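Everything numeric here is computed off the predicted structure, so don't read it as measured data. If you read the sequence from its start, that first residue is 1, and numbering goes on from there.
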Amino acid sequence: EAEILPTLRELGIGLVPFSPLGRGFLTGQVTRENIPEGDWRANMARFKGEAFERNRALVTALEAVAARKGGTTGQLAIAWVLAQGTDFAPIPGTRRLDRLEENIAAADIELSAADLAEIEAAFPRNAVVGGRYFE
């Protein structure tokens, strides 16, 4: 990020962040119990064992901020991405219309500098445990 983002901005290139909801994890709805049998996420390091618990604690830390802003943790995640600059265009995946509407409503959440600092403190960069892809 420290090297790539300045270069993109210098060249006038936008960024489409991959999986802005962390494969559903940042919605706060993913639990060990509701990952269905055969779900590919069950084989990812971030969704296993202690890594799952530590990552879930990060999401839990965001719940108070999301509630105060009148949204969900998923909306807060999307709003955070949008707050990074007009050159960021998150495209969260969804299969349901109600989730699409929820994702779109994230654009209405305004984050102040204090909100962004609180989010960074609760969910510091590089705090996620486990690899991003399959081992």
Problem - Point-to-point distance, once rounded to the nearest 0.5 Å, from CG of Leu15 to CZ of Phe88 - result: 5.0 Å
Handout entry: Contact check, side chains of Trp80 and Asp115, non-hydrogen atoms, under 4.5 Å
Key = no
Practice task
Establish whether Leu58 and Val65 are linked, either directly or via other cluster members, by ILVMFWY side-chain heavy-atom contacts under 4.5 Å.
Solution key: yes
Handout entry: Least distance between heavy atoms, Gln84 atom then Arg125 atom
Key = OE1-NH2, 3.8 Å
Practice task
Using a cut-off of 6.0 Å, state whether more than 12 heavy atoms not belonging to Ile13 lie near its atom CD1.
Solution key: yes
Handout entry: Leu100 side chain reached by Ile104 side chain, heavy atoms, under 4.5 Å
Key = yes
Exercise for the section: Could you tell me whether the side chain of Thr72 reaches within less than 4.5 Å of the side chain of Thr27, counting heavy atoms only? Expected result: no
Exercise for the section: Answer yes or no: is there a side-chain heavy-atom contact under 4.5 Å between Val81 and Ile78? Expected result: no
Completion exercise
Value for CG (Leu26) from CD (Gln75), rounded to nearest 0.5 Å, stands at 13.0 Å
Completion exercise
CG of Asn34 to CD of Gln29, rounded to nearest 0.5 Å, is 8.0 Å
Exercise for the section: Using a 4.5 Å cut-off on heavy atoms from C-beta on, say whether the side chain of Leu21 contacts that of Asn103. Expected result: yes
Exercise for the section: Find the distance between CZ (Phe52) and CD1 (Ile35) and round it off to the nearest 0.5 Å. Expected result: 5.5 Å
Problem - Side chain proximity check, Val129 to Arg46, heavy atoms < 4.5 angstrom - result: no
Problem - Shortest non-hydrogen contact between Leu82 and Pro90, atoms and distance - result: CD2-CD, 3.6 Å
Fill in the blank from the handout: What one should report as the nearest heavy-atom pair of Ala77 and Pro20 is CB-O, 4.0 Å
Problem - Distance (rounded to the nearest 0.5 Å) between Leu76 CG and Leu111 CG - result: 6.0 Å
Exercise for the section: Give the ring-plane orientation class for Phe25 versus Phe47, where under 30° counts as parallel, over 60° as perpendicular and anything between as tilted. Expected result: perpendicular
Handout entry: Within one Ile-Leu-Val-Met-Phe-Trp-Tyr cluster: Val30 and Trp40, side-chain cutoff 4.5 Å
Key = yes
Problem - Sidechain N-carboxylate O distance under 4.0 Å for Glu53, Arg56 - result: no
Fill in the blank from the handout: Distance col, row Thr94:OG1 vs Glu101:CD, nearest 0.5 angstrom, shows 10.0 Å
Handout entry: Carboxylate-amine/guanidinium proximity below 4.0 Å for Arg68 and Glu118
Key = yes
